[in-house]
Protein chains: 2
Amino acid sequence: MEVDQSDRRLLALIQDDCRQSYAELAKQCGLSPSTVHDRLKRLQARGIIKAQVAILDPIALGLDICAFVQITLSHPKTVAGFLDKVVKLPEVQECHHVTGDFDYLLKIRASNALALERTITDKIKTIEGVIRSHTAIALSSAKDTPAVDCGRTSQDQS
Amino acid sequence: MEVDQSDRRLLALIQDDCRQSYAELAKQCGLSPSTVHDRLKRLQARGIIKAQVAILDPIALGLDICAFVQITLSHPKTVAGFLDKVVKLPEVQECHHVTGDFDYLLKIRASNALALERTITDKIKTIEGVIRSHTAIALSSAKDTPAVDCGRTSQDQS
DNA sequence: GATAATTTCCGGAAAATATACGGAAATATG
DNA sequence: CATATTTCCGTATATTTTCCGGAAATTATC
């Protein structure tokens, strides 16, 4: 019932490339292909592997702009409605409730400045409760990955 | 040489789940499995599909804290060295050069407050050129996905 | 508008892979 | 030390991926 060293190695491998065959994965972590299969199936069932997805190139799809939008809500009453609507917007990749001067931090991808303006003005600022927004444009991204550090647990529970 | 409607539908499908068989994908977009294979292979070769990866649950791996750290650099001379080092840190998921009061925005995952402190104090603030940092903790995340909007190009080029 | 050239698409065969399963090894338990 | 439990592995089978030749459709050319 714990995530051991082999699991972590497997996770590190597949969060980089999940289309390697079990045979390859097995070689890279000293197990047999069937054991790799068993473990991955279990990790998926346990929800530790949340999904296996393709990472697309936004620019190739015409999404040239990435922006971070900070949002202030007027009242806690408006939170549920805000989240409900914002989560459904396909241009919103991330929506975090954060500490600090603003309440929420959104990561947004749009085709161009005009499209970004439309998203912010027409789709976000019109949501009930949104009383302030502050936008920062990403000029470039040196790193942008969903991969996490599988290195080792904070403290080993024996 | 363009990304057509079928490509976009395929991309939308696999950025949600890339382990569906070609037969299933084919069914869902009205093509034959071999055509799906052809198209996906080409999209990968063109770099539109950048990777296929597993999305892991950070909390299951003991990464309980997500934080956004804004960084100011003292001088353009220090940019290259900063990026070089910051990109290599496994706890840094994203590093964007942004407009606004700060220069860079980092998304960081750590086990706990202590580990986050260590990362910021020992690994980031020690990088040459870093003269200011501002950290916001994510209390919760309503959405956090690498998926983009495949809906349709900004304007169809005929 | 007919013909040719190019591209896209498809079916089927072969190879590679994933999956299921029974039993062996290792580990934990009493 | 015996037993129970878990992890691991090899093998056999089912599924999938991959390749290839040709048909269909689209586009270009005259």
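Chain naming here is simple, since letters A, B, ... match the order of the sequence lines and numbering starts at 1 in each. Reckoned from all heavy atoms, side chains included, excluding hydrogens, waters and symmetry mates. Quantities reported herein were computed from a predicted structural model and do not represent experimental measurements.
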*Should the heavy atoms of other residues, nucleotides or ligands under 6.0 Å from CD of B/Glu128 be counted, would the total exceed 12?*
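Check fails, neighbour count at 12 or below.
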
Please report, rounded to the nearest Å, how far the [atom2] atom of [N] is from the [atom1] atom of [X].
X       : N      : atom1 : atom2 : value
A/Gln52 : C/dA18 : CD    : C1'   : 13 Å
A/Leu31 : C/dA26 : CG    : C1'   : 14 Å
A/Arg39 : D/dT7  : CZ    : P     : 8 Å
A/Asp4  : C/dA26 : CG    : C1'   : 14 Å
B/Arg42 : C/dC9  : CZ    : P     : 9 Å
A/Asp7  : D/dC8  : CG    : C1'   : 13 Å
B/Lys27 : C/dC10 : NZ    : C1'   : 17 Å

*Given D/dC8, is OP1 or OP2 found less than 4.0 Å from the side-chain N or O atoms of A/Thr35?*
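Checking A/Thr35 against D/dC8: no side-chain N or O falls below 4.0 Å of OP1 or OP2.
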
_Please list all pairs meeting ring pair (Phe, Tyr, Trp, His ring centres under 6.0 Å) that have one or both residues in residues 105-126 of chain A, counting only residues at least two apart or in different chains._
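Not a single pair qualifies under ring pair (Phe, Tyr, Trp, His ring centres under 6.0 Å).
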
*Any pair counted as ring pair (Phe, Tyr, Trp, His ring centres under 6.0 Å), so long as it reaches residues 27-74 of chain A, sequence neighbours left out*: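 The answer is A/Tyr22-A/His37, A/Phe68-B/His96.
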
*For B/Thr145, enumerate each residue passing the side-chain hydrogen bond (donor to acceptor under 3.5 Å, both in side chains) test, keeping only those at least two apart in sequence or located in another chain.*
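In terms of side-chain hydrogen bond (donor to acceptor under 3.5 Å, both in side chains), with neighbours along the sequence ignored, B/Thr145 is linked to no residue.
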
*How would you list all residue pairs meeting salt bridge (Lys or Arg N to Asp or Glu O under 4.0 Å) that involve residues 13-41 of chain A, not counting sequence neighbours?*
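Only A/Asp4-A/Arg39, A/Asp7-A/Arg39 qualify under salt bridge (Lys or Arg N to Asp or Glu O under 4.0 Å).
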
_Rounded at 0.5 Å granularity, tell me how far CD1 in B/Ile48 sits from CG in B/Leu10._
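Between atom CD1 of B/Ile48 and atom CG of B/Leu10 there are 11.5 Å.
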
*Per-nucleotide protein contact string for nucleotides 13-18 of chain D (B base, S sugar-phosphate only, - none; heavy atom under 4.0 Å)*: ---SSS

N/O donor-acceptor pairs under 3.5 Å from side chains in residues 76-92 of chain A, not counting sequence neighbours:
| residue | atom | partner | partner atom | Å |
| --- | --- | --- | --- | --- |
| A/Thr78 | OG1 | A/His75 | O | 2.6 |
| A/Glu91 | OE2 | A/Thr119 | OG1 | 3.3 |
| A/Glu91 | OE2 | A/Lys123 | NZ | 2.9 |

*Residue pairs, two or more places apart or on separate chains, that pass side chain to side chain donor-acceptor pair (under 3.5 Å) and touch residues 42-57 of chain B*: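 Matches after skipping sequence neighbours: none remain.
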
For residues 99-106 of chain A, please give each side-chain donor-acceptor pair under 3.5 Å, one per line with the distance, not counting sequence neighbours.
| residue | atom | partner | partner atom | Å |
| --- | --- | --- | --- | --- |
| A/Thr99 | OG1 | B/Ile137 | N | 2.9 |
| A/Asp103 | OD2 | A/Leu73 | N | 2.9 |

Pairs under 3.5 Å (N/O, protein and nucleotides 22-25 of chain C):
none

*Side-chain hydrophobic cluster, 4.5 Å single linkage: members besides A/Val53*: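 A/Val53 shares its hydrophobic cluster with A/Ile55, B/Val53, B/Ile55.
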
_So for the helix from C/dG1-D/dC30 to C/dG30-D/dC1, with five pairs setting each end axis, what is the inter-axis angle to 10°?_
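The angle, to the nearest 10 degrees, is 40°.
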
*For B/Asp144, what residues pass the salt bridge (Lys or Arg N to Asp or Glu O under 4.0 Å) criterion, not counting sequence neighbours?*
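By the salt bridge (Lys or Arg N to Asp or Glu O under 4.0 Å) rule, B/Asp144 matches B/Lys107, B/Arg109.
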
